[in-house]
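Notes follow the structure.
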Amino acid sequence: MSERKMAAAALEKLKEQAGINRASLRGKTLILLGAATCGRAVGALEVAKTFRDEIERLQLDAAVVEVGCMGHCYAEPMAIIYKPGFSGICYGYLNEGVASRLVQDFLVEGDPCVEFALAATGINDFIPTFQDFPRGIVEQKTVMEHCGFIDPENIEDYLAVGGYGSLAAALDREPSGVIKEIKASGLRGRGGAGFPTGLKWEMCSSSPESTRYVICNADEGDPGAFMDRTILESNPHLVIEGLAIAAYSAGAGKAYFYVRAEYPLAVERIKKALQQAAGLGIIGKAMLGAEYSLDIEVFQGSGAFVCGEETALIASMEGEPGLPRHRPPYPAVAGLFGKPTVIDNVKTLSYVPLIIKNGADWFKATGTEKSPGTAIFALAGKLVSTGLTEVPMGTTLSQIIYDVGSGIAGNKKFKAVQIGGPSGGCLPEETLETPVDYESLSKAGAMMGSGGMVVLDENDCMVEIARFFLDFTQKESCGKCTFCRLGTKHMLDILERITKGKGQPEDIDLLLELAEDVRAGSLCNLGKTAPNPVLSTLRYFRREYDAHINEKRCPSLMCKDLIAYYILPDKCERSCDACVGSCPVEAIFSNEDRIKVVNQEKCVKCDSCMVACPPQYRAVIKVSPPEEVLRREREKGVK
Amino acid sequence: MGDKVKITIDGKEIAAVPGEKILWAALDNGIYIPHLCAGRDDHSPLASCRLCFVEIEGYAHPVPSCTQEVSGGMVITTRSERVDRIIGTGFELIMSNHRTDCRACPRNHSCELQKIARERKLKLKPARLPRLDRDLPVDGSAAKIKYDPNKCVLCGHCIRACREKGAGVLGFARRGFERAVTTFNGSPLGESGCNNCTACALACPVGALALKE
């Protein structure tokens, strides 16, 4: 039986055809335009149109292909131009003007316009490659290898880079053999909990029930996280291949994509990819000639964060309200419609084809002993280079923030990094040497989570950040169990009191007690992890809480009730009226010395004057506590 | 009925039916564990009130006894520092959201909350937490029943009773702090199709749904 090669042979035949079709592109100039959601948000589609119009106008032999995202979201819209005779060159920060110039200068006249180039994709004499930058050295792209380089809407591109080879190889093996390989690789769930994937599959496959399901969980909802979206938009076939292998191994005849409806482009691209795969006979009845049939359906989630929790996800698919259920039984034993169900995150499934292709040892060679492989993080917040990155497990936080993310934007000081979304924690500067893996991050008080990483600078108030995340979980609590419904509500009320300067010294102890009890008592992981942002900020930034409570002062000048706007008389230019004009409530007036003064009673703290004050003066400042204004005014009056 | 298994709760040896949940095995043998939402015939327990935690030897954390099946040789303790703390806070949270008006309440002296407070020596008035009264209107539109949602602890007994014995008009609605037992579209009970069977009022352990005097 192990000598089966049927599926592989069937795929080879398909690939031959794909190769023929792609040959028509060879010798032609190719523009790969990043058109995932991140690119589209800053005008990628307009840039694509300009490229196409200009190519049409000049009658050039070039093609524009809309691809996904290669991770450098900060530089979107981006394009990689392959022109015969040149190595591929990546251009960033494009707009319509730059696009038409690239067509004229590079495509027509052969000047690669290095002033717009970010990096080259291949070694050459003029432009450094991505690997020449610190980011390129730290990064190790496996799942993301083809993201941004292949057309997500064309299965031929995926086939040309070896796609579906692992599915064919898996179909030629026994399901138990595939599970053995995944188990040996030590792959752990990338959704956050880190459960061994192979074990989950084995539990499901050994069930006496013959009807089984596999679900790809793409209900990514953490604020600041966009890994799953990017992968689905950039390389949907990779996830489909992983899902199909999982379904084959678990013995499921039906698989689902559970994608949140807020990801319309991802939904569109998955559906298109599924159609293409089914059209070629890669997915479907007796797929690739094997004795195995699989039906894959897309299910759109309707916006509840808690539906990313597997039991709530299942409930919502069954037509019930999306409320979590008690575990055990775990879905692998009794899941969708009571049948054994494997639920894996997008990223987890994306690793599967790579492990089947390269072997468990290849996978284990990267990362740490307990957390093998790479980790994918969405970098957001106050970084220079936000975006998506894939680094080996065990890379330190500082490498990710300073080498990959190029440090803090605006010459500000680093304060904390929030990892793991609303279930994660805030880690301060002294923990930056922590390696990223499941155990180390939990020990430091955060968690791996699904991979969202929000970097905060000195202007971010940690009490306010804790309040923000708790506000999120409190609003997203389904309300089923006592601790999450009422515990998070009380905690949020306390935090709101503190940020308004009405906190009492005993509030901190109460907050700690409630946090621990909500963690211990809640029904599902939304409640169990909701206190993490509070616990971690209390652990590392207790001083800020104390300043809010004891001095009614917000050290980061962020909490509106604890700050006031003040115009420095020494710096105010007097004849300039920028701030006066910008104030929407006419709170700024000129005193007898023609110095501008803020009427504190009228001021709504909208920040407009601070923005309006010309940078050569910078006369408007924020002070905390608000009484500081009186003190300063009195001081000036005495002088 | 399979052979009974032996378990130990608080040092007392008990014969329990395999597959039975710890909570019912304990209650049937005179050992009290606080609980609000558990229903004996539930196929899949709601496990939402979070008051029935117990310690089981070999388990890292306290577990809700309404979901945990007994197994032979299980050693269970209903009280420990951790269990008392979770239940204490859980009860305080519930009480912070329960409009307490015991003297005027038809459930006075037969209230499940009073019983939990008595059994576990807990205070009915939350000591650390402010009240979270939602100030919802009391629904007196049905002929025989009065519904005060401000007293409701979301245990779901009324919903079960309404489905089994009544017209099946009650259900959970909304999310988070707004979650409530209500009728379709939130219409008053009197216009909801309620047939005044009063099963809900008899089932309600805290006097949120009660018979009109």
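All values below come from the heavy atoms of this structure, side chains included, with hydrogens, waters and symmetry mates left out. Lettering follows sequence order; numbering is per chain, from 1.
- Contacts of A:L523 with chain B are made by both backbone and side-chain atoms, with heavy-atom separations under 4.5 Å.
- Qualifying side-chain contact (heavy atoms from CB on, under 4.5 Å) partners for B:A25, counting only residues two or more places apart in sequence or in other chains: B:I7, B:A16, B:E20, B:V70.
- Among the candidates B:C37, B:P64, B:C49, B:G88, the residue making the largest number of heavy-atom pairs closer than 4.5 Å to chain A is B:C49.
- Of the atoms belonging to B:L93, heavy atoms from both backbone and side chain fall under 4.5 Å from chain A.
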- prompt: Can you check side-chain contact (heavy atoms from CB on, under 4.5 Å) on B:T78 and B:V83, steps first, answer last?
  reply: CA-CA 7 Å; B:T78 61; B:V83 163; over 6 Å; no

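- Applying the salt bridge (charged side-chain N to carboxylate O under 4.0 Å, His left out) criterion to B:D28, with sequence neighbours excluded, gives B:R40.
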- request: For B:S141 and B:D139, run side-chain hydrogen bond (donor to acceptor under 3.5 Å, both in side chains): C-alpha distance rounded to whole Å, both residues' side-chain angles, the deciding distance at 0.1 Å, then the answer.
  value: CA-CA 6 Å; B:S141 62; B:D139 181 359; 2.6 Å; yes

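- The part of B:F53 that comes within reach of chain A is its side chain, from C-beta onward, which places non-hydrogen atoms under 4.5 angstrom from that chain.
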Using distance alone, with no hydrogens and no angle check, list the donor-acceptor pairs under 3.5 Å between chain B and chain A.
unit_1	atom_1	unit_2	atom_2	d
B:S48	O	A:T482	N	3.0
B:S48	O	A:T482	OG1	3.4
B:C49	O	A:T482	OG1	2.9
B:R50	NE	A:G521	O	2.6
B:R50	NH2	A:G521	O	3.4
B:R50	NH2	A:S522	O	3.1
B:T67	OG1	A:H326	NE2	2.9
B:R85	NE	A:D517	OD1	2.8
B:R85	NE	A:D517	OD2	3.4
B:R85	NH1	A:E516	OE1	3.3
B:R85	NH2	A:E513	O	3.2
B:R85	NH2	A:E516	OE1	3.1
B:R85	NH2	A:D517	OD1	3.3
B:T89	OG1	A:D517	OD2	2.4
B:S96	OG	A:H490	NE2	2.8
B:R128	NH1	A:E513	OE1	2.6
B:G176	N	A:S477	O	3.0
B:G176	N	A:C478	O	2.9
B:R179	NE	A:G479	O	3.4

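- For B:I87, no part lies under 4.5 angstrom from a heavy atom of chain A.
- Heavy-atom pairs under 4.5 Å with chain A were tallied for B:P45, B:P130, B:P62; the largest tally goes to B:P130.
- Interface remark: A:I494 contributes no atoms to any contact with chain B (heavy atom separation under 4.5 Å).
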field: Stepwise side-chain contact (heavy atoms from CB on, under 4.5 Å) test for B:F172 and B:V181
entry: CA-CA 5 Å; B:F172 284 119; B:V181 169; 3.7 Å; yes

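- The two residues A:F472 and A:G221 have their closest heavy-atom pair at CZ-O, 3.7 Å.
- Rounded to the nearest 0.5 angstrom, B:I94 CD1 and B:L113 CG are separated by 7.0 Å.
- Within a 6.0 Å sphere centred on CZ of A:F195, other residues, nucleotides and ligands contribute more than 12 heavy atoms.
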Without placing hydrogens or testing angles, list every side-chain donor-acceptor pair under 3.5 Å for residues 201-209 of chain B, not counting sequence neighbours.
none

